[in-house]
Amino acid sequence: MTPPAAESLRERAIAVLRANDRGGYTVPSAGLYPFQWNWDSCLVALGWACFDEPRAWQEIETLFAAQWPDGMVPHIVFHRDDPGYFPGPAVWATGRRPASSGITQPPVAASCVRWMLERAVDREAALAAVARLFPRLLAWHAWFHRARDPEERGFVATVHPWETGMDNSPAWDAPLAAVVPAPDLAPYERRDLAHVDAAQRPTRAEYDRYMTLVQLFRELAYDPAEMVARSPFLVVDPGTNAILLRADRDLAQLARILGEKEAEARIGIWIARAEAALPRLLADPESGLWHAFDLRRECRIPARTHAGFLAFLAGLGDARLAATLDHWVDTTRYALSSVPAGDPAFDRRRYWRGPVWPVANLLIGRGAQERGAEKAARRLRRDTAALIAGGGFREYFDPLSGEGLGGACFGWTAAVWLAWIDQPGRDRGPDDWSDPLK
Ligand code: GLC
């Protein structure tokens with residue numbers, strides 16, 4: 001790809017973020033996702049940080065303004081209602097102001113904040129923002145460890161596939177199949193299918209179970225202890241756990257910078273516990289991958305998904321995992337497919353069951369690069385660049401043809417371009433490797 005093309009893509013990426021800006025927060029994609037999503041916003045802030053630092057900090061602060069008193073940060077904030085989305089605020093009925101959902105999402109915030117601080121041109125403003133955000137970040141991490149790991153076993157539990165951010169991943173098939181759809185499930189009409197072809201979205205059977213879980217949590221008044229005790233879906237997600245461990249490391253670094261010694265010691269305990277527990281629970285010697293674990297059935301889940309490679313981001317993952325990644329990237333024309341081609345669960349167009357997700361590539365690519373799996377990391381970045389250059393700022397991509405799928409003008413895809421692919425001022429095309437997240 002030539003530098004001029006890359007330049008115009010930068011302008012187009014900026015235009016996507018500006019068009020999705022609703023004043024203080026960025027919607028993932030107008031129409032399909034008209035509210036503020038938790039991990040989208042944090043990753044989108046990385047994109048804003050490339051051309052408007054104050055707006056980037058504002059994105060994160062707007063998200064944390066919706067933090068619950070117990071520290072939980074919801075997965076969706078409904079700043080204003082939009083009848084075009086289901087399930088909206090009336091279904092969640094959490095009674096919060098601003099209105100929000102009652103579950104969370106992978107905690108990428110602290111890692112994004114650290115990255116934004118390190119690259120900030122206006123360091124003074126960045127440090128002030130970090131000082132404001134630090135207690136809130138700490139409270140969210142403390143909530144995760146307390147509410148989702150009450151026995152201090154070193155891993156956090158997830159109560160709904162939506163919390164993993166990888167909604168219909170084949171890893172959730174078995175635990176979700178065990179969720180019996182509520183006989184009194186309120187009738188509902190999906191709105192996502194008005195925007196995207198049904199073949200690229202989760203199925204009705206999955207939605208009935210997603211909604212059954214939401215109905216249960218609403219009946220439990222979103223009490224965290226009750227949710228963990230009663231949810232028929234209870235898993236250890238390698239993605240969420242790896243992201244949390246990485247975020248704990250980044251939060252500890254922020255604590256050091258701010259001189260928050262007590263907090264740093266507290267975070268150190270979480271890190272040590274996770275380092276001891278995660279490889280033992282999740283790394284599978286046979287597949288050479290990290291897998292999800294089903295806490296209800298007490299077994300590792302055999303499904304193979306790209307989430308297992310997030311171990312790299314956590315500073316874990318060994319040569320065996322790197323070899324698995326090297327093999328996986330070669331199963332498709334464009335890497336990294338969310339499920340390896342050839343796997344029975346592989347579905348090249350259906351959401352988290354095959355397509356390539358730029359945001360997953362960024363997180364896995366960054367981790368792989370840091371852990372020395374450079375060849376695969378370079379491939380992920382180059383393929384991400386080619387997919388976006390060829391297919392636009394789409395939600396996800398067909399790993400065999402490169403076709404763009406799902407929502408269009410997607411916020412975090414634009415942010416991936418700005419923060420990972422584009423190298424402003426360095427005269428580098430996407431074929432050259434350098435890690436802008438460093
Ligand atoms: C879907 C994705 C989730 C994302 C949201 C908004 O639900 O699975 O990861 O946060 O859309 O983009």
Side-chain angles (χ1 to χ4, degrees), residues 16-17 19-22 25-47 59-60 63 66 73-79 82 84-88 91-92 100-109 112 158 160-172 176 190-196 198 200-203 206-207 209-211 213-214 237-240 242-243 305-307 310 338-339 347 349-364 393-397 404-416:
V16 167
L17 295 193
N20 291 0
D21 187 1
R22 295 291 175 274
Y25 70 97
T26 311
V27 297
S29 178
L32 184 60
Y33 299 117
F35 309 111
Q36 183 173 30
W37 260 259
N38 185 325
W39 74 327
D40 292 66
S41 249
C42 298
L43 292 155
V44 150
L46 299 184
E59 184 78 29
I60 311 251
L63 174 66
V73 183
H75 99 295
I76 308 176
V77 187
F78 305 107
H79 294 282
D82 187 316
Y85 182 85
F86 177 87
V91 177
W92 285 98
S100 74
S101 73
I103 56 174
T104 194
Q105 250 189 340
V108 289
C112 294
T158 290
H160 195 295
W162 288 342
E163 287 200 317
T164 70
M166 301 187 184
D167 311 6
N168 70 339
S169 159
W172 315 139
L176 200 60
R190 287 175 63 176
R191 301 292 162 84
D192 55 323
L193 302 181
H195 303 280
V196 177
Q200 298 172 29
R201 296 285 306 176
T203 63
E206 284 161 341
Y207 253 83
R209 289 169 171 82
Y210 299 154
M211 294 316 302
L213 291 170
V214 171
D237 170 30
T240 302
I243 284 170
T305 81
H306 62 171
L310 285 164
S338 33
V339 172
D347 186 342
R349 298 169 71 81
R350 199 182 289 279
Y351 216 35
W352 295 98
R353 305 181 75 88
V356 180
W357 287 74
V359 69
N361 277 8
L362 177 147
L363 296 172
I364 294 166
F393 297 102
R394 298 297 296 268
E395 189 176 10
Y396 42 94
F397 297 86
L405 302 168
C409 297
F410 223 86
W412 65 10
T413 307
V416 165

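Counting starts at 1 for both ligands and their atoms, following the listed order.
No hydrogens or angles considered: nothing links the side chains of T240 and E163 as a donor-acceptor pair under 3.5 Å.
The two residues S101 and F78 have their closest heavy-atom pair at N-CE1, 3.5 Å.
Listed by chain and residue number, R55 satisfy the side chain to side chain donor-acceptor pair (under 3.5 Å) test with D21 (two or more places apart in sequence, or in another chain). Partners of H195 under the side-chain contact (heavy atoms from CB on, under 4.5 Å) rule, at least two apart in sequence or in another chain, are L32.
Taking distance alone, with nitrogen or oxygen atoms compared against 3.5 Å, W37 stays at or beyond that limit from ligand 1. Among the atoms of W412, none of the N or O lies under 3.5 angstrom from an N or O of ligand 1.
Of all protein heavy atoms, the one closest to atom 1 (C) of ligand 1 is Y351 OH, 2.9 Å. Atom 8 (O) of ligand 1 has D167 OD1, 2.7 Å as its closest protein atom, hydrogens excluded (heavy atom only). Protein heavy atom nearest atom 4 (C) of ligand 1, with residue, atom name and distance: D40 OD1, 3.4 Å. Scanning all protein heavy atoms for the shortest distance to atom 9 (O) of ligand 1 gives G165 O, 2.5 Å.
For the pair R394 and F410, the NZ or CZ position fails the cation-pi test of under 6.0 Å to the six-membered ring centre and within 45 degrees of the ring normal.
Of all the atoms in ligand 1, the ones that sit under 4.0 Å from a non-hydrogen atom of P28 are 6 (C), 12 (O). Applying the 4.0 Å criterion to heavy atoms of F410 picks out, from ligand 1, the atoms 12 (O).
Residues Y351 and W172 place their aromatic rings such that the two centres sit no closer than 6.0 Å.
Using a 4.0 angstrom heavy-atom cutoff, W162 does not count as in contact with ligand 1.
Heavy atoms of H75 found under 4.0 angstrom from ligand 1: none, in either backbone or side chain.
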> How far apart are the C-alpha atoms of E206 and R350, what are their side-chain angles, what is the distance that settles it, and do they pass the salt bridge (Lys or Arg N to Asp or Glu O under 4.0 Å) test?
Replying inline: CA-CA 13 Å; E206 284 161 341; R350 199 182 289 279; over 6 Å; no
